Every structure is written in C-alpha cells, then in structure tokens.
Amino acid sequence: MLENFEIAKILREISEYLEMQSVPFKPQAYSRAASGIEEIDTPLADIYKSGGLKALENIPGIGVSIAEKIEELLKTGHSQYYEELKKQTPVDLSSLTSVEGIGPKSIKKLYEKLNIRNLADLEEAIREGKIRKLSGFGVKSEENILKSIEFLKQGGQRFVLGFVYPQIEVIVGRLKKIKGVEKISVAGSSRRMKETIGDLDILIVSENSGPVMDFFVTMPEVRQVLAHGETKSMVRLKNGMDADLRVVPKKSFGAALNYFTGSKEHNVALREIAIKKGHKLNEYGLFKKIPNANENWTQMAGETEEEIYQALGMDYIEPEMRENLGEIELAKKHQLPKLIGYGDLKGDLQIQTNWTDGAHSIEEMALAAQKIGLEYIAITDHTKSLAMTGGADEKKLLRQMAEIDKLNKKFDGQFKILKSAEVNILKDGSLDINDKVLAKLDIAAAAVHSNFNMPREKMTKRICRAMENPNIDLIFHPTGRVLLKRPAYELDIDEVIRVAKKTGTCLEIDAFPDRLDLKDIYAKKAIGAGVKLAIDSDAHSVNHLQYLRFGIAQARRAWAAKKDIINSYSWPEMLKLLKR
DNA sequence: GCCGTTTTCGGCCCGACTGTTTTCAGTCG
C-alpha cells in the first residue's frame, strides 16, 4: 500500500509533467493536492477505507478527479495518467528539478534535444559543452548547473533530521513495545540532533534478541535487508536511509550509547582522558587494570553514560554538545551551561497564516499553539514585495491588526496573539513597509527573500541597514540557507552579529527543519557576543508547530541557556527585551 | 483540476531576476 509521501510525490510529478506541456492551471491544482496530502498525518489508505472517495475529496486541494487517481494508486499501486505522462518524457524528475535554475520546461528541452534523463547525463553534456548550444542556454547556464550539481553531490545521501524524525519515532516506538526489550535509544547524529543525518542508529538491551531482529528486518518501512544477525542488523528503508539496530549487554548500554552517539572527536578526547588515568574506554565500558594481573581489566562503569562521565571526573555532557568544541574542559571544571530545555519555550515569534501563504487562519494557529502548551504567538505574514504570497501592504496589515484585537478579546487573557510581520528587506536594505505602520506592531521582523546572489559586502550592508531601523526587532533566518538545496548567501556573520548587538536587534534560529538558520556555530557566536535569539517554527500550517523542537536542538548545540532565548520569557517580559 | 462570507462558472499568487536575448522565456519565491 502506498504511503502518503509516495502519493504526494506522484501528484507533484504529474504537476511538473503538465507544467512541461504548458497546461494552464492544472499543475497548480496537482501541486496543491500534493501539499494538502503532506499536511495530514492519517494514512490516505485509512481515510479511503473508512470514507471512500467522498472522504478523500474532503482533503483540501483534492476534488473528484484527483480523488479517483488516489483511489487507483491505493488499489493498484499505479496511475495510468501518471504513467502516460512519464512515457512521453521518461526522466528522473525529482533529481533534475533539484538543480537550481532548472524547471520543467528546461527538463523537457534537455530530454528532447540531448536525451538527458538524469543528473549524470546532464553533467556529461555540460562537460562536452553541449548545453551552451541549446537556445535559451549559454556558458553561464552551464556554470550554474554544474555548481548546483556539485552542491547536491556534497549533500550526498543525507537526510534532513526533522523530515525523517516522525519515521524514526514510529520505528523506535514500535521496537519499544516488543516483549523483552528492556532499554532502547537512538544513537549517532540523530541523538546529537544534527541538522542532517546519514543513517539511523538504534541500540537496545534485550536478553532475547532473535525476535527483535526478526521484527526489525520485516518492518513495513524496509526496502532491503543488508545484514541480519544476533547482535546487529542493518536495513535500507524505503526512503533510502540505512538503519542499524544493535543489541548490547545491559552492563554496557551506557558505554555503547556513548560510543555510538559520538561525535568521533568527542569520543577520542574521552578515550585520551581515560588512558591518562590508566583506564580504558570502549563501547563495552570503562575499565581499569587489575594490579599484578597482566592485561586483565575490570569494569568501573558502563551501564549508564552518567557513571562513565563521573568516573572520568567530569559532569554529564548533553548529546547535543558532544562535538569536542570545549565542552569537555567545561565539564571537568563543572562549568557546563544549563541548556535550554525542550519544554522551555513560551511563545513562537514566526507564524504564517492564510492571510498570505499559510494554510490556516490566525485563530486556528493560535489554538494549535495553545494546545502544545505555548502562551503566545506572533503573526508574521509576508509583506507586499513578496507578491507570490499575496504579501500584505500597509492597509492589509492594519486590517490584520484589527482582526488580532478581536481574537485577543475572544481569548480573554488565556492566550496572546502578537501583531507582527515578516517584512521584506529590499535590495538596498530598505523595507517594504513604512515606519509609521511598523511602529504600530508589537514586534517586527525582517528577512531577505530575493537577490541572494549579492557580493558579501553588499549583502552584509543590506542586512545591517535593516537592523539599524529602530522598528525592526528581529531578523528571520539570517543566512538564507536551505539544507541540501541552497547554500547561505555570502555574508559577514561577525559584522551582522556586531551590528545586532549594537542596535539591540535579535537574531532568529528558524526551526523549520531544512532551514535551522542561524546554524549552531553562528548561534553560538551570537550568544557569545551577548545577542539575544528567538527560536521560531516558521509554521505555515498547524502541523509545523512541532518543528520548534529542532530549533531548540540547534540552540542546545549552540550552548544556549534559557536566558539567551527571548521567547522563553512570558510575552510581557519578552516585549521588554526588544529595542522598540 | 479545484473552489466558493464576492461565484456551482469563471476565476485561479504575480513581480523580479537571470541569462538569454535584442524583447523574452523560464524560474523562483
């Protein structure tokens, strides 16, 4: 049975094929349907089973025709319509569209003129100088395509943590329930909450590993079994990610967890400390020599990580900090910062609604935020120069403010909606909303959404000029990167941090999984300079609020304490921290 | 192909940028 993401992917490809043929309006319809499907947590198969075609049509963006195509996909695993389209242009759409600057029309031309079907074909054609001869392409296009392919290659087979996290939780949750599984934990970069991960490592303690392993290799997510043993199994999942499961003895669980969590650099440093003390640290435990017994070791610690760190003479180090960037020295001196916790946020300062490109109303977003325990949100719809989103002009912003006043009355102090905006920073650093209206907002944020290819100095000046505006409290996603897709624009981050400090402007950690912007090391720099940060979901729908977790993780990787994050304060206290 | 506190038919996010062109197609957000 096809899963939601697989069906969404097919609909999205249909949209791109229709785009190739310049079919009007249908591409957007298919693309919207795909987005609608990505928004829902219930499997389409279940929706269809319980309510048939009618239930499918209730999903936003899905009508009679697309519902029938989903029905066909669920029943047969195929779509005639999709396959007809694919036959006309049999190319690897998802990889080709991931090249920056290449869209459906170019893909069609490249296939028809040069028989290019995938990235390898494309790269070869460029090396042979064939692309520049096509009308509409030139030397510059070749250079840009090549640059983008190189960037994609560097990403390799990595996955954005936040996007695969739900699947990880399902797998771990299921394993946890198996009889005889005493302990379970993810390890590796997923436990350190790195922004992207290469594979998934899971450790368990169980007296009887056979049935656990059997279960693991036959999970519905598994595409291929790479190894299936008593203590270790490896599978490749349908999404292309590898997952390893190891069974370890109870007395070694902490040591194994420490070893497989890494980072490698952190582990090497720990092992050196052990050696200096005359001990030995490996994935089975921390051992000391038995006097007078040649090469005989006895275990000092290993069942938990805490006892290992303690035995090495230091405080427990949170996984997010284990990069050997000074955390070990602090742990020895008992001076580790108390990191902001996963439940410490009281508000969310970047929320999009259906006033622009969000999926839900202001009230729906507020209720969803309240449900996950937040006390306030700021509504930050796009502004007018971002035309594609229906960005707000001054008039529309004022209308929205009135609407928010009404809603706040309705919430009657139980929840607070703050008036804000994601104001667009124009090419010269000026803003597309006038100061008079900006001053009326509770909090205003600014961000760059266009002209990414500016020289470093110009881009730095542009952002700094926005920060000099007394009405701008916060800069959203300050470096503009999109993980595995687009690098950050050229920017002097030290200068941006300096001006942020000088002007009292806050910087954001955008928690959206493929942004995580500022990234950990920049956020750490900002905190070090005394700049306050905000952790925001950048939610475009109620489901996105859960992404806050990944922003908090990034902040923890940046050694942030609660006091460094403005939205860990109640809203009246938070407003007092702003420069306005 | 979808959708309706402007509509069950007639609209659909649209302006800027890039690199190719000599006035514009394609892509992006």
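It should be emphasised that the depicted structure is a prediction, and the values quoted were computed from it without experimental measurement. Lettering follows sequence order; numbering is per chain, from 1.
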Decide side-chain contact (heavy atoms from CB on, under 4.5 Å) for A:Glu403 and A:Leu407; before the verdict, give the C-alpha distance in whole Å, the side-chain angles of both, and the deciding distance to 0.1 Å.
-> CA-CA 6 Å; A:Glu403 166 86 13; A:Leu407 286 167; 3.9 Å; yes
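No more than 12 heavy atoms of other residues, nucleotides or ligands shown are found within 6.0 angstrom of NZ on A:Lys461.
On the P atoms, B:dT5 is 23 Å away from B:dG1, given to the nearest whole Å. Of the P atoms belonging to B:dT21 and B:dG15, the separation is 26 Å, rounded to the nearest Å. Across the P atoms, B:dC12 and B:dC17 are found 24 Å apart, a figure rounded to whole Å. For the P atoms, the distance linking B:dC13 with B:dC2 amounts to 15 Å, nearest Å. Remark: the separation of the P atoms in B:dT27 and B:dT20 is 14 Å, to the nearest Å. For the C1' atom pair drawn from B:dC3 and B:dT8, the interatomic distance equals 9 Å after rounding to whole Å. For the P atom pair drawn from B:dA16 and B:dG10, the interatomic distance equals 31 Å after rounding to whole Å.
As judged by a 4.0 angstrom heavy-atom cut-off over every strand, A:Ser450 is placed among residues making no nucleic acid contact. Across all strands shown, A:Asn453 has no heavy atoms under 4.0 Å from either base or sugar-phosphate atoms. Residue A:Val139 is classed as a sugar-phosphate contact, given heavy-atom separations below 4.0 Å to backbone atoms only. Residue A:Pro24 is out of contact with every strand shown, counting any heavy-atom pair closer than 4.0 Å. Looking at heavy-atom distances under 4.0 Å, A:Arg486 makes contact with sugar-phosphate atoms alone, never a base.
Nearest to the side chain of A:Ile66, among B:dC2, B:dT20, B:dG29, sits B:dC2. Nearest to the side-chain atoms of A:Lys427 among the listed nucleotides B:dG1, B:dC17, B:dT20 stands B:dC17.
A donor-acceptor pair is defined here as one N or O able to donate and one able to accept, closer than 3.5 Å; no such pair exists between the side chain of A:His360 and the backbone of A:Gly358. With A:Asn4 contributing its side chain and A:Leu44 its backbone, the two residues share a donor-acceptor pair below 3.5 Å.
Summarising the geometry, the separation between CD1 on A:Ile145 and P on B:dG19 is reported as 11 Å, rounded to the nearest angstrom. Note: CG (A:Asp393) to P (B:dC13) measures 17 Å, nearest angstrom. Residue A:Glu143 contributes atom CD, which lies 15 Å from atom P of B:dT18 at whole-angstrom precision. Note: CD (A:Gln28) to C1' (B:dC3) measures 14 Å, nearest angstrom. The distance from atom CG of A:Leu11 to atom C1' of B:dG1 is 12 Å, rounded to the nearest whole Å. Atom CD1 of A:Ile131 and atom P of B:dT20 are 12 Å apart (whole Å). Nucleotide B:dT27 holds its C1' atom 14 Å from the CG atom of A:Asn451, rounded to whole Å. Note: CD1 (A:Ile70) to P (B:dG1) measures 13 Å, nearest angstrom.
A:Glu83 is linked by a side chain to side chain donor-acceptor pair (under 3.5 Å) to A:His78, counting only residues two or more places apart in sequence or in another chain.
In this model, the phosphate group of B:dT18 is not approached by any side-chain N or O of A:Ser141 to a distance below 4.0 Å at OP1 or OP2. Distances shorter than 4.0 Å separate some side-chain N or O of A:Ser106 from OP1 or OP2 on B:dT27. OP1 or OP2 of B:dG1 sits under 4.0 Å from a side-chain N or O of A:Lys69.
Along DNA chain B, the nucleotide nearest A:Tyr81 and the nucleotide nearest A:Val482 are compared for position; the residue whose nucleotide lies closer to the 5' end is A:Tyr81.
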Determine all donor-acceptor pairs shorter than 3.5 Å in which one atom belongs to a side chain in residues 473-480 of chain A; sequence neighbours excluded.
from	atom 1	to	atom 2	distance (Å)
A:Asp473	OD1	A:Arg580	NE	3.3
A:Asp473	OD2	A:Ala444	N	2.8
A:Asp473	OD2	A:Arg580	NE	2.8
A:Asp473	OD2	A:Arg580	NH2	2.9
A:His477	NE2	A:Glu422	OE2	3.1
A:Thr479	OG1	A:Asp517	OD1	2.9
A:Thr479	OG1	A:Asp517	OD2	3.2

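A salt bridge links A:Lys384 with A:Glu394: the closest approach of a Lys/Arg side-chain nitrogen to an acidic carboxylate oxygen falls below 4.0 angstrom. The residues A:Glu468 and A:Lys502 are annotated as salt-bridged, a charged nitrogen and a carboxylate oxygen being separated by less than 4.0 angstrom. A salt bridge links A:Glu495 with A:Arg498; the closest basic N to acidic carboxylate O contact falls under 4.0 Å.
Taking a centre distance below 5.5 Å and an interplanar angle below 30 degrees as the stacking criterion, A:Phe25 stacks against the six-membered base ring of B:dC12.
Of all nucleotides present, none satisfies the Watson-Crick or G-U wobble test against B:dT8 with each distance under 3.5 Å.
Scanning residues 85-104 of chain A for heavy-atom distances under 4.0 Å to DNA chain B yields A:Val99, A:Glu100, A:Gly101, A:Ile102, A:Gly103, A:Pro104.
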